[in-house]
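A quick write-up on the structure given underneath.
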Amino acid sequence: MASSKGKTITIVGSGLIGHSWAMVFLSGGYKVKIYDNQPGQASRAVTDIRKQVEELQEAQMLRGKLSATEQLSLLSSHDDLSQALEGAFFVQECVFEELEAKKSVFQAVEKLVGEEVVLSSSTSCLMPSNVFSLVQNRTRCIISHPVNPPYYVRLVELVPHPETLPVVVDMAYELMTEVGQAPVRIRKEIDGFALNRVQYAIIAECWRLVKDGVISVKDIDLVMSEGLGMRYAFIGPIETMHLNAPEGLEDYLRRYREGMKRVLSSFGPVPEFDGEAAARINKEICELIPNDQEHLSARRERRDQLLMGLAKLKK
């Protein structure tokens with residue numbers, strides 16, 4: 001991809017995901033315009049981003065080659081959509097996860113940009129064919145699904161609309177790589193994409209094990225944070241299988257195929273995630289981490305600090 005110098009990316013929606021996307025693109029040297037349809041909201045977002053970027057520089061965790069001052073000079077806020085879109089080559093939508101809202105955003109954006117502008121959504125699981133259904137030219141549409149918080153967790157799932165041109169996927173892949181993210185290509189539409197399908201499978205079995213009295217909330221979280229998560233931070237499940245038998249994946253399957261099938265066949269139905277079980281599990285986690293803003297904010301800050309350290313280690 002050509003140099004980012006002078007190129008503009010517009011963020012539509014100034015919530016937490018919009019914040020993080022703005023910081024990611026600034027770190028790559030792009031001009032970033034933030035738009036929000038709530039007057040003054042985009043300006044408040046810029047104030048928050050300035051504080052975060054300056055704090056990251058103090059902690060020596062600021063991404064990119066530019067200083068905090070240089071990055072922040074590229075940032076602006078807008079209450080007018082047409083002004084926010086002027087000069088943009090890439091539009092990243094970050095409004096709340098509601099299909100009709102996203103459809104309306106892209107319908108409005110398309111009327112104000114040229115045919116060459118890429119339209120990208122941050123949706124976590126809505127299908128591209130639904131999100132972009134009101135767009136006339138769907139060949140330039142793509143889902144760029146980040147992991148929260150995107151500044152510290154670099155994976156981005158790129159999910160094309162059935163009509164998306166391969167060159168658009170390639171361009172999005174190059175852009176995400178350039179700004180330091182770790183993009184993966186989802187080759188076709190599927191509900192939940194890849195990350196959430198894997199995540200929901202884990203959540204479902206953890207929920208069943210706690211619901212059925214097999215293990216506590218505290219201990220099932222430890223199974224991940226002190227067990228699976230330790231290696232999954234650096235290698236994935238397929239490589240784990242490949243390394244966990246003397247002669248690689250085929251050897252692993254010979255040894256463990258039947259055991260895996262036996263255990264998987266014992267899994268229960270999809271949980272309802274409500275009722276008595278939900279109340280009991282909520283009570284357990286709130287005893288560990290009370291759900292008031294003071295405790296939740298402190299744990300989120302702890303999470304982000306740990307993710308910063310892990311990102312630094314993975315370099």
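These numbers were taken from a predicted model, which means no experiment stands behind them.
- Shown here for Val179 and Gly28, the closest heavy-atom pair between the two residues is CG1-CA, 4.0 Å.
- With His295 contributing its side chain and Pro290 its backbone, the two residues share no donor-acceptor pair below 3.5 Å.
- Side-chain contact, Glu189 with Ser129: a donor N or O sits under 3.5 Å from an acceptor N or O.
- Closest approach of Cys94 and Gly13 over heavy atoms only: CB-O, 3.8 Å.
- In this model, a donor atom of one side chain and an acceptor atom of the other lie less than 3.5 Å apart for His78 and Ser76.
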Stepwise, does the side chain to side chain donor-acceptor pair (under 3.5 Å) test hold for Glu97 with Thr123? CA-CA 6 Å; Glu97 192 75 350; Thr123 181; 2.7 Å; yes
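- Counting heavy atoms from C-beta outward, Glu247 and Arg254 have side chains that approach closer than 4.5 Å.
- For the residue pair Pro271 and Arg208, the shortest heavy atom distance occurs at CD-NH1, 3.8 Å.
- Remark: the Gln71 side chain and the Tyr30 side chain contain no N/O donor-acceptor pair separated by less than 3.5 Å.
- Note on Tyr256 and Leu264: separate hydrophobic clusters, where clusters join Ile, Leu, Val, Met, Phe, Trp and Tyr whose side-chain heavy atoms are under 4.5 Å apart, directly or indirectly.
- Hydrophobic clustering (ILVMFWY, side-chain heavy atoms < 4.5 Å, transitive): Ile190 and Val198 are in distinct clusters.
- Counting heavy-atom neighbours within 6.0 Å of Leu310 CG, excluding the residue itself, gives a total above 12.
- By the rule that hydrophobic residues join a cluster once side-chain heavy atoms approach within less than 4.5 Å of another member, Ile215 and Val217 end up as members of one cluster.
- Taking the charged nitrogens against the carboxylate oxygens, Lys51 and Glu55 do have a contact shorter than 4.0 Å, which makes a salt bridge.
- Scanning both residues, Met308 and Ala59, for their nearest heavy atoms gives CE-CB, 4.3 Å.
- Here the side chain of Arg197 pairs a donor or acceptor atom with the backbone of Asp191 at under 3.5 angstrom.
- Summarising the geometry, atom OH belonging to Tyr151 is positioned 15.5 Å from atom CG belonging to Leu16; distances are rounded to the nearest 0.5 Å.
- In this structure, Lys103 is not positioned above the aromatic face of Phe132 in the sense of NZ or CZ being under 6.0 Å from the six-membered ring centre and within 45° of the axis.
- Residues Asp251 and Pro246 approach most closely at OD2-CD, 3.2 Å, considering heavy atoms.
- A 4.5 Å side-chain heavy-atom check between Ser144 and Phe90 finds at least one atom pair inside the cut-off.
- Between the side chains of Glu93 and Ser121, a donor-acceptor pair is found at a separation under 3.5 Å.
- The hydrophobic clustering, which links ILVMFWY residues whose side-chain heavy atoms are closer than 4.5 Å, places Ile289 and Trp207 together.
- In this structure, the side chains of Ser27 and Gln181 stay at 4.5 Å or more apart for every pair of heavy atoms.
- Looking at Thr164, its side chain never comes within 3.5 Å of a backbone N or O of Thr139 through a donor-acceptor pair.
- With respect to the salt-bridge test (charged N to carboxylate O, under 4.0 angstrom), the residues Glu287 and Lys283 qualify.
- Taken from CG in Asn291 to CD1 in Ile285, the straight-line distance is 10.5 Å, to the nearest 0.5 Å.
- Residues Glu276 and Arg280 are paired through a salt bridge, judged by an N-O separation under 4.0 Å between the basic side chain and the carboxylate.
- Between Ser73 and Glu70, the side chains place no donor N or O within less than 3.5 Å of an acceptor N or O (distance only, hydrogens not considered).
- Taking hydrophobic clusters as Ile, Leu, Val, Met, Phe, Trp and Tyr residues chained together by side-chain heavy-atom distances below 4.5 Å, Ile142 does not share a cluster with Met127.
- Between Asp36 and Ser14, the closest heavy-atom pair is OD2-OG, 2.7 Å.
- Of the N and O atoms on the side chains of Ser122 and Gln92, at least one donor lies less than 3.5 Å from an acceptor on the other residue.
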Stepwise side chain to side chain donor-acceptor pair (under 3.5 Å) check, Arg44 with Gln41: CA-CA 5 Å; Arg44 287 189 287 274; Gln41 188 62 37; 3.1 Å; yes
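- The line from OH of Tyr232 to CD1 of Ile202 is 7.0 Å long, rounded to the nearest 0.5 Å.
- By the 4.5 Å heavy-atom criterion applied to side chains, Ile9 and Lys31 are not counted as neighbours.
- Judged as a salt bridge (charged side-chain N to carboxylate O under 4.0 Å, His left out), and not counting sequence neighbours, the contacts of Glu110 are Arg140.
- Salt bridge Arg185/Asp170: present, at least one basic N to carboxylate O contact under 4.0 Å.
- Between Arg300 and Asp304 no salt bridge is recorded (no basic side-chain N to carboxylate O distance below 4.0 Å).
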